[in-house]
Amino acid sequence: MKEHEMTHNVSSACFSSSPFHSSPVRKLLLILILFFSVGSESAATAADDLTAQSGTSLHILANIDGTDQLHISHRAVRWKHGSWAWPTHVEINGQPWSPRQQQTLQVGSDSPFVQSHIRLAGATINKIQGRGQVRLGYDANGLIVRFDDEGHNGSARYEVLITFADQICKQSKQMIQDLTSETGLPPKPLELNIQTKIDGADAIHIDSDKVKWTHYESSWPRKVSLNDRNWDPYAEPVFKPESKGIFIPAGLNLSAAELVEKKGRGAVQLLKSDDRLTIRFDDRHAPGSDHYTARVRIPISQLWPVEIRCDLPQHVVGASLTVVRYEKDKKRPTIIPGQHVFDHLGRTVIALPAGSYRFEVQHQPRPQVLVALKSSRVEVGSATTVRLQSIQIPTPKLAVQGFRRLELTQLGIRSILPTGAVSWKRNAQAENVSLVLSKDESYRIRVFGSNEYAQVALWKELKTNEIRRIQETAETMVRSSFGWQSESLPPVAAGVKLDFPDSQYEFPITNNSLFLTNRRFLKLGYWFQIKNGRKVVFHPRGYVLPQPPTDHLFELGGPLVGRASAAILTNENLGSPNARQLWTDICLMDPQGHILDPQKSSIDWNWEVQMRDGAAPPKPPLTQEDVQRLGNVTDTVLLKARYQLDQPAELVLSPERFIARKSKRVSTTSPAYMNWRTSAYLAKVERSLSEIASEREIPLNPSYCVKLTWWLNGGAVGGHGGTTMPLSGMTGDFNWFKHPWAISHELLHGFGYGHDEDMNRTDRVIQKRFLEHKWFVADHPNHVPEFLLQPNADLTEFVPGKPVDLLNLIDLERDTLSGEWKLKNGVLFTPTSSGGRLKLPVEAPASYELLMVVTRLKGRDTLGLEIVAGEKNNGTMLALDGWLGRACGLHFLDGRGGDQNDSTYQGGVFPDQKEHTIQCRVTPESVEVDVDDNRIIDWHGDPKRFRHSSDSAATRGRELFLAETKNVSYRISKIQLRTIKSPE
């Protein structure tokens with residue numbers, strides 16, 4: 001991986017040969033490659049000619065083991081060894097050197113390493129080869145190159161190229177003059193025109209010495225028009241331009257390349273890097289192929305020396321300069337890559353093409369000093385000097401109306417970049433802070449402060465002079481207090497931990513504590529200690545605060561209740577792809593949905609798994625007999641926990657089943673009490689899908705959905721419509737903004753991406769945008785997450801009148817109790833010969849309507865629907881086409897079969913192999929069943945009369961089940977449940 005990149009990029013493009021074959025132009029272009037190509041083959045090749053450019057650049061080779069420094073001045077180079085072995089096989093500009101034998105090389109004025117007119121402050125370093133970091137620095141004597149190979153065994157070969165802005169600009173000027181002298185006109189922008197048919201995904205990479213086609217998905221294109229020249233990428237994926245009579249000039253300003261024309265039903269994208277131009281075609285979303293066009297225009301522009309000067313050099317020596325360029329019609333500024341460092345005089349020089357720029361340095365030279373200097377927009381079109389005029393501000397004062405003696409405790413100053421900030425936190429080494437800021441600029445800041453009873457967290461934008469005294473009115477903030485619910489153990493001490501996008505804030509609380517903020521969304525965790533010294537710590541969950549100005553109460557504590565969950569999940573780590581394991585969890589939870597953190601609490605928490613029948617729980621991997629023995633784990637497993645708060649206590653709980661959850665495009669199941677963690681995870685999956693669509697430039701199909709399932713593996717798998725992730729990634733995730741491990745990678749599989757560089761690049765873009773989103777939220781304190789699901793609400797809570805698609809929520813591995821059920825393209829097929837039983841992923845409301853569309857495929861016998869009614873959760877089976885198709889009814893009503901009780905319907909309902917619609921309407925006092933608008937059952941009475949058949953396990957809670965007898969088979973294309981109004 002390249003650690004350092006140059007200030008400007010050299011693009012390559014394909015053009016007809018004339019006029020670039022002239023000798024002086026080719027020589028100049030070769031020299032420019034040395035500056036513009038970072039870690040590329042071009043740079044390594046051109047470095048062989050460095051000896052002919054004595055004193056204008058430095059090509060360094062060395063075997064490094066540990067840490068080393070190379071000090072460079074205009075007349076000498078000196079090696080300073082740090083740790084481990086001395087460097088070997090050292091060369092500078094082709095000259096061998098043994099630093100261990102001769103630590104300093106003195107050279108005469110006739111052949112200096114760096115010519116005297118070149119400013120060392122304009123140095124930029126490119127790491128062509130090397131596994132560790134290589135960084136620039138300065139001292140009063142000159143330039144320092146720091147090698148860091150710590151953390152690796154043995155030595156490694158390093159190759160770096162140092163170029164200087166003054167020389168690059170001189171060569172650029174000469175190139176423009178030579179091109180102009182040949183034609184008498186300024187050089188015109190160069191164009192690259194590609195036309196082809198794409199089926200899947202492809203990319204063309206343009207380098208200074210080669211053109212390469214990369215195919216990712218589906219069929220290869222066999223005919224490409226490249227600047228009106230035919231090319232078969234399948235037969236010849238790589239070619240040298242000269243071999244086809246095409247010359248690719250180097251020295252172009254890649255960052256100014258534009259995609260001026262694109263055609264095709266999918267995405268056409270231009271990607272620019274330090275040493276390559278890439279055009280991507282993405283046709284994965286549609287079958288067959290389509291014609292695509294991409295036309296890229298690359299201007300030939302002169303580079304100008306831009307010197308950045310700071311009037312307080314002691315605060316910026318060794319600090320890095322950030323450069324961004326603002327381009328027309330671009331939402332985000334372009335970040336100019338490369339490492340540009342201020343010397344001991346507070347100067348750095350960079351070579352830039354004409355354009356609009358801003359410059360910034362964010363630095364913390366000492367714990368009590370924050371440097372945040374930046375320029376306004378600077379138009380570069382000639383040699384330019386930018387002066388960063390600074391003022392120093394002592395620790396700012398914080399003033400909030402109605403709150404006296406507030407002291408600053410934290411301060412953050414945002415970068416002009418989409419991410420990042422420089423920050424200070426009060427501690428013993430930095431009780432105060434001195435700010436070095438630019439005059440007459442605006443800054444986005446984060447400030448925390450406190451007095452004896454109030455805490456303030458504030459985000460706002462201020463002018464430089466306004467930062468001396470940061471003022472805010474109470475009307476712009478929410479005023480929160482903290483209260484302990486009744487039945488709480490009285491705490492002797494307590495505190496909260498608040499998580500914000502860009503920071504964390506912890507403080508102790510009492511009943512009189514106040515917290516003021518202008519931020520709407522935050523995460524809060526808390527702890528309390530009781531008089532016997534035991535400490536209870538709770539995991540955080542999200543809160544949305546009301547619009548200011550208003551008061552808000554954080555209710556803490558309260559009676560703690562036990563919750564438990566269990567499931568049988570796959571775990572390939574046990575040695576087989578189908579190996580399964582019993583997963584269990586038990587916890588304590590407060591009334592607000594905060595879950596206890598047993599690892600950070602001191603309550604002697606320990607727990608174990610038991611079986612109801614007294615036998616030992618089966619050990620993983622589970623055999624088929626183990627799985628059958630466990631059956632419905634909510635009926636066969638017990639979880640027991642022991643702990644101590646004020647008194648020893650014990651929990652013995654039956655585990656709850658996973659419940660169905662759904663966001664806009666993602667469905668899953670999870671433990672019923674893990675609302676916050678599930679909502680956070682689903683929100684991030686939604687964000688990944690949104691970012692994938694944005695990067696691919698192809699909107700998501702409105703019906704596109706992802707079914708998210710869990711296993712106990714460390715890895716993950718993804719494909720069309722389904723993704724399986726490690727359960728630990730959700731149960732242990734409390735961070736709203738962090739990109740879940742591997743989620744975008746697996747989701748990309750669902751869009752046709754294979755394991756290639758195109759997938760890796762897209763995955764990196766998604767993760768980068770996650771980071772940018774975090775800082776975007778930090779900059780907008782009024783932001784409320786779009787996908788936030790209230791943690792206290794059941795994510796599957798029914799909305800009266802709105803149907804819930806149960807087919808979309810079924811997980812056969814989790815829900816199958818017996819038989820081989822199948823799901824294909826959203827259609828459920830019952831077992832073909834063995835009979836079976838399947839749990840529906842829902843808990844029925846008090847009154848509900850179940851709609852099914854069913855086709856009989858084979859045989860003639862019972863399709864059963866186990867229903868539940870009444871406050872006591874009494875259950876029975878609705879038998880359809882039972883008794884070899886002769887009757888339907890509520891089985892074992894009053895202890896009698898469904899073919900001989902008050903509900904019996906004489907006759908079958910599936911006489912043919914066509915679709916039939918079943919509508920079952922259940923209230924606490926009735927069951928009504930219609931088949932194709934024909935009422936077959938109209939029963940009213942007390943559901944206590946219901947009974948389960950002897951061969952059917954008792955229904956737990958308000959769960960619903962499907963069942964089927966042997967030697968029949970049904971196709972079920974719809975299962976919907978709708979909450980209805982209960983009768984008065």
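Just so it is clear, the model here is predicted, and its values are computed rather than measured.
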Residue list, side-chain contact (heavy atoms from CB on, under 4.5 Å) with [X], at least two apart or on another chain:
| X | answer |
| --- | --- |
| Q628 | Q624 |
| Q976 | P803, L851, K974 |
| N512 | T510 |
| K738 | N735 |

Review point. Do any pairs count as a ring pair (Phe, Tyr, Trp, His ring centres under 6.0 Å) and have a residue in residues 562-604, sequence neighbours left out, and if so which ones?
Key: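 Applying ring pair (Phe, Tyr, Trp, His ring centres under 6.0 Å) to every pair that reaches into residues 562-604, excluding sequence neighbours, yields Y526-H594, Y543-H594, W583-F658.
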Review point. Can you pull the ring pair (Phe, Tyr, Trp, His ring centres under 6.0 Å) pairs that have at least one residue in residues 617-653, sequence neighbours excluded?
Key: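 Checked against ring pair (Phe, Tyr, Trp, His ring centres under 6.0 Å) - neighbours excluded - the pairs reaching residues 617-653 are W605-Y643.
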Check your understanding: According to the salt bridge (charged side-chain N to carboxylate O under 4.0 Å, His left out) rule, which pairs have a member within residues 616-631, sequence neighbours left out?
Key ->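 Applying salt bridge (charged side-chain N to carboxylate O under 4.0 Å, His left out) to every pair that reaches into residues 616-631, excluding sequence neighbours, yields nothing.
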Check your understanding: Partners of H745 by ring-ring contact (aromatic ring centres under 6.0 Å, His included), sequence neighbours excluded?
Key ->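 Checked H745 against ring-ring contact (aromatic ring centres under 6.0 Å, His included); matches are H749, H755.
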Got a sec, which residues hit side-chain hydrogen bond (donor to acceptor under 3.5 Å, both in side chains) with [X], two or more places apart in sequence or on another chain?
| X | answer |
| --- | --- |
| E452 | R405 |
| R657 | E959 |
| H739 | S744 |
| D815 | none |

